[in-house]
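Atoms within a ligand are numbered from 1 in the order they appear, just like the ligands themselves. On a predicted model such as this, the values are computed, not experimentally measured, just so you know. Throughout, residue positions are numbered sequentially from 1 according to the sequence presented. Just the heavy atoms: all of them, side chains too, but no hydrogens, waters or symmetry mates, feed the values below.
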Amino acid sequence: MNLKGRSFLTLLDYSKEEILSLINLSEKFKKLKKDGVVHKYLEGKNIVLLFEKTSTRTRCSFEVAGNDLGMGVTFLDFASSQMGKKESIEDTAEVLGRLYDGIEYRGFDQDLVKKIAEYAKVPVWNGLTDDFHPTQMIGDLLTIKEHFGYLENLNFVYIGDGRNNVANSLMIACSKVGLNYTCIAPESLFPDSKLVENCKNIASGKSTIKITNNPNKVSGANIIYTDVWVSMGEPEEVWEKRIKLLKPYQVNINLLNKADSNCIFMHCLPSFHDTNTIIGQEIYNKYGLSAMEVTDEVFRSEKSLVFTEAENRMHTIKAIMYSGLSDENIDEK
Ligand code: CP
Ligand code: NVA
């Protein structure tokens, strides 16, 4: 599978075989890391990480993965660069494409990341936009595969804000790879109907895509996944409405008990599962909720794979970058 020169903007651009090959390569990189084998296979290359929104996992995964591969890594945020204020994204992308071998971008607009790829002419990796979070997906699929040993026909249930970047990408990932995807959300937070149709067509004959507002529809679920109720970039004012709307969709032990007895819990993180954050404390003071999308009990339970999932971001981002920048088979190194 040769992905050299390809950008990674949305999983819609990738075939099932290409996605599986990225998971396969991630497994190899994870083993090299665990075995302590140095793998500076991209020495001499340089990448730049552009962050218009905040990040812990994605930024650190790109930095560690880049360093492990022997690359030079530059971090640039919008506050400390000319981007957007004094220089257009087109000009910035053109300049960065001449200096760097690859570019990561996290921000708001999916069209912008597309534009960067167009002007930079080097591989661009989408580190999250309002619409999609594709690098998260390879980490999530690796985590599921490691746990169950396979991916196809597992029953995947996403519950919460059904139309955010993570939910959109999960629906695409499941449809491509062949997991049965159920999105449980209040109707006003259902995914875009065109994207649902598109995913149904992709999944057709292999797996199912279902959308429901009934929070009890989790029987047979092998994976229950949730995400924050308000995403980065959404206005403060939506909190109150969102809390009212999504309270019945919280992942708690009662909900988990209705799923398959081997069901696991996943979350891209960061998560509001206690009051140990500034926002978590504010929400508790204002609304009396000590957890939002998932209770602390579920988050800390043995069914929860959230920290392995977070670690897998790094191994999978390494595979995504390596594939975009080299066509050499790492088994021959
Ligand atoms: N899951 C994820 O993307 O985390 P960060 O926002 O910390 O990068
Ligand atoms: N939906 C979340 C994902 C964070 C990784 C957000 O966009 O804030």
Side-chain angles (χ1 to χ4, degrees), residues 8-11 26 47 49-66 73 75-78 104-110 112-113 125-144 158-173 183-185 189-192 195 225-239 242-243 245-246 249-251 265-273 276-280 283 292-294 299 304-318 320-321:
F8 194 75
L9 307 180
T10 159
L11 282 192
S26 307
I47 55 167
L49 315 180
L50 310 179
F51 278 84
E52 206 178 347
K53 287 178 178 169
T54 52
S55 167
T56 298
R57 270 147 297 274
T58 308
R59 173 183 175 179
C60 297
S61 295
F62 270 99
E63 293 212 15
V64 173
V73 180
F75 173 80
L76 216 55
D77 64 17
F78 275 51
E104 181 275 356
Y105 169 80
R106 165 174 287 199
F108 297 86
D109 193 351
Q110 183 69 20
L112 198 61
V113 75
W125 304 294
N126 177 1
L128 178 148
T129 60
D130 290 345
D131 294 343
F132 302 120
H133 195 3
T135 66
Q136 177 76 45
M137 297 306 111
I138 309 299
D140 291 348
L141 291 172
L142 173 64
T143 309
I144 296 168
Y158 176 90
I159 182 161
D161 177 1
R163 35 104 263 178
N164 75 14
N165 39 21
V166 171
N168 287 343
S169 289
L170 286 169
M171 182 164 65
I172 299 167
C183 171
I184 306 182
L189 297 175
F190 274 4
D192 175 69
L195 184 63
Y225 195 121
T226 190
D227 185 16
V228 288
W229 289 347
V230 177
S231 284
M232 288 183 277
E234 293 196 287
E236 282 280 317
E237 306 83 78
V238 303
W239 271 109
R242 217 44 85 65
I243 286 171
L245 208 54
L246 284 169
Y249 297 83
Q250 182 189 61
V251 180
F265 170 72
M266 294 178 73
H267 190 308
C268 57
L269 306 183
S271 154
F272 294 116
H273 58 93
N276 297 336
T277 58
I278 293 167
I279 293 178
I283 297 290
M292 281 184 273
E293 71 275 7
V294 56
F299 188 89
S304 170
L305 296 192
V306 294
F307 294 115
T308 302
E309 190 184 351
E311 178 195 326
N312 283 343
R313 297 294 310 289
M314 195 281 286
H315 306 298
T316 49
I317 280 172
K318 195 179 281 178
I320 293 165
M321 286 199 291

Taking only residues two or more places apart in sequence, or in another chain, which ones meet Asp161 in a salt bridge (charged side-chain N to carboxylate O under 4.0 Å, His left out)?
Arg163, Arg242

List for me each residue that meets salt bridge (charged side-chain N to carboxylate O under 4.0 Å, His left out) alongside Glu63, sequence neighbours excluded, and say none if there are none.
Arg59

Check if Leu269 has a non-hydrogen atom at a distance under 4.0 Å from any atom of ligand 1.
yes

Taking only non-hydrogen atoms of His133, do any sit less than 4.0 angstrom from ligand 1?
yes

Option of least heavy-atom distance to atom 6 (O) of ligand 1 (set: Arg59, Arg106, Met232, Glu309):
Arg106

Angle class for the His273/Phe299 ring planes (parallel below 30°, perpendicular above 60°, tilted otherwise)?
parallel

Need the ligand 1 atom indices (1-based, order shown) with element for anything under 4.0 Å from a heavy-atom of [X].
X	answer
Arg313	1 (N), 2 (C), 3 (O)
Cys268	1 (N)
Thr56	5 (P), 7 (O), 8 (O)

Near ligand 2, at a heavy-atom separation below 4.0 Å: residues by chain and residue number
Leu128, Asn164, Asn165, Val166, Asp227, Val228, Ser231, Met232, Leu269

Closest heavy-atom pair and its distance - [X], [Y]:
X	Y	result
Gly127	His133	O-CE1, 3.5 Å
Ile159	Thr226	O-OG1, 2.7 Å
Asn168	Gly162	OD1-O, 4.2 Å

Taking Glu309 for its side chain and His267 for its backbone only, find out whether a donor-acceptor pair lies under 3.5 Å.
yes

Main chain of Leu142, side chain of Asn312: is a donor-acceptor contact present, judged purely on distance under 3.5 Å?
no

Those residues at least two apart in sequence (or on a different chain) that pass ring pair (Phe, Tyr, Trp, His ring centres under 6.0 Å) with Tyr249 are none

Start with the C-alpha gap between Phe8 and Phe132, add the side-chain angles, then the distance that decides, and say whether ring-ring contact (aromatic ring centres under 6.0 Å, His included) holds.
CA-CA 11 Å; Phe8 194 75; Phe132 302 120; over 10 Å; no

Looking only at protein heavy atoms, what sits closest to atom 4 (O) of ligand 1 is Arg57 NE, 2.8 Å

Under 3.5 Å between any N/O of Pro270 and any N/O of ligand 1: does that happen in this structure?
no

